[in-house]
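Report on the following structure.
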Amino acid sequence: MKFTAKQISDFIQGKVEGDENAVVTTFAKIEEGVPGAISFLANPQYTHYIYDTQSTIVLVDETIKLEKPVNATLIRVPNAYECVAKLLQLYASAKPRKKGISAKACIAESAKVGADCYVAEFASIGENVVIGDNTQIYPNVVIGDNVKIGSGCIIYPNVTIYEGCKLGNNVTIHAGTVIGADGFGFAPSAGGYDKIPQIGIVVIEDDVEIGANTCVDRSTMGQTVIHKGVKLDNLVQIAHNVEVGENTVMSAQVGIAGSTKVGSWCMFGGQVGIAGHIKIGDKTFLGAQSGVPGNIKGDTTLIGTPPMDPKAYFKSQAIFRRLPDMYKQVNEMQKQLDEMKNK
């Protein structure tokens, strides 16, 4: 990567303040800047770093006002965070893609691997698998029989995709993730628990990214569905027959119980837990560690267990912290009332 301030400014439609011929070859956080690096400043709390940073170029939000001159060349943009994301995407796309099929990969004769694919050492591809063009399969990936994978996908090491599952185009699955393991289905009986066979599949649509060590379980019957544009963090659990709507994002350790339907454009913070057989409406925003026992209509921001409006939640927490003192006061008042009655 080697770009001038002018080239970057033209790409992100920014305004250069300083040397438009300044050249950068790497990225760095503003507090760890080095010559030849580009950094960004979007949060006013980090403004003090810009006066001492060694970065050659800094992307700066238009709203941030500087109190004194800086050494770096600035590029003013409406949203620095959004612009640096675009530059990082450009940087990543410029990296050469791996190609070729290793002689140490195990590929069934009936499998079909598309053009310009990469299949690494010790990857295992089962019977009747279909893999689209430009897809990358890294070492130790296991792809079960009858799996369909689209074009432009990246399957990182040690991912397991069980039989019959379907992935769309431009799907990224990070290391250690399991797609299509059995849903947690058991029926109580006199002798213990009888396993309910899980005969469905998992369907993952286009442009989905799934973090490391996440699990998406196959359905009892039918499909567990992850719709287009969904982003799942590491260590997320999606149970059987769940449906996740388009462009929904979930942070680490979110757990969704079976047969729940999650709407589009939702955002769940870390460790959110959602009960089974309920519906979460579109544009529902749940704060970290929220516990959801019932339906939510959508177009709302909630926090806590059960989830409530953030203002009400923080007021409740303030009262909760005072409960020990309030308990003592109530006991004292009760004693005084008892003494008055005795008199």
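No experiment lies behind these values; they were computed from the predicted model shown.
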Can I get a per-line list of side-chain donor-acceptor pairs under 3.5 Å for residues 331-342, giving both atom names and the distance, sequence neighbours left out?
from	atom 1	to	atom 2	distance (Å)
Gln334	NE2	Asp338	OD1	3.1
Asn342	ND2	Asp338	O	3.2

Are side-chain heavy atoms of [X] and [Y] found at a separation under 4.5 Å?
{"X": "Ile137", "Y": "Val113", "answer": "no"}
{"X": "Ile173", "Y": "Val141", "answer": "no"}
{"X": "Asp145", "Y": "Asn128", "answer": "no"}
{"X": "Lys15", "Y": "Glu62", "answer": "no"}
{"X": "Lys166", "Y": "Ile201", "answer": "yes"}

Checklist entry - Hey, what do you get for OG (Ser259) to NZ (Lys279), rounding to the nearest 0.5 Å? => result 11.5 Å
Item to check | Other cluster members, Tyr49 - Ile/Leu/Val/Met/Phe/Trp/Tyr, side-chain contacts below 4.5 Å | outcome: Ile30, Leu41, Tyr46, Ile50, Tyr51, Val58, Val60, Ile64, Leu66, Val70, Leu74
Next on the checklist: Under 3.5 Å, is there a donor on one side chain and an acceptor on the other for Asn71 and Gln54?
Outcome noted: no
Is it the case that one hydrophobic cluster holds both [X] and [Y], taking links as side-chain heavy atoms less than 4.5 Å apart, direct or via other members?
{"X": "Val262", "Y": "Leu302", "value": "yes"}
{"X": "Val147", "Y": "Phe122", "value": "no"}
{"X": "Val292", "Y": "Met267", "value": "no"}
{"X": "Tyr91", "Y": "Tyr81", "value": "yes"}

Checklist entry - Can you check side-chain hydrogen bond (donor to acceptor under 3.5 Å, both in side chains) on Glu205 and His227, steps first, answer last? => result CA-CA 5 Å; Glu205 295 184 349; His227 284 292; 3.0 Å; yes
Checklist entry - For the side chain of Ser290 and the backbone of Gly304, is there at least one donor-acceptor N/O pair under 3.5 Å apart? => result yes
Next on the checklist: Using a 3.5 Å distance criterion without hydrogens, assess whether the side chain of Asp133 forms a donor-acceptor pair with backbone atoms of Ala115.
Outcome noted: yes
Checklist entry - Would you call Lys195 and Asp182 a salt bridge, using N to O less than 4.0 angstrom? => result yes
Checklist outcome for this item: Sorted by chain and residue number, the side chain to side chain contact (heavy atoms under 4.5 Å, CB included) partners of Asp19 (sequence neighbours excluded) come out as Asn21, Ala22, Thr73
Item to check | Residue pair Ile38, Phe3: steps toward the side chain to side chain contact (heavy atoms under 4.5 Å, CB included) verdict | outcome: CA-CA 10 Å; Ile38 181 170; Phe3 296 104; over 6 Å; no
Checklist entry - So Tyr156 and His174, would you call those rings parallel, tilted or perpendicular, with 30° and 60° as cut-offs? => result parallel
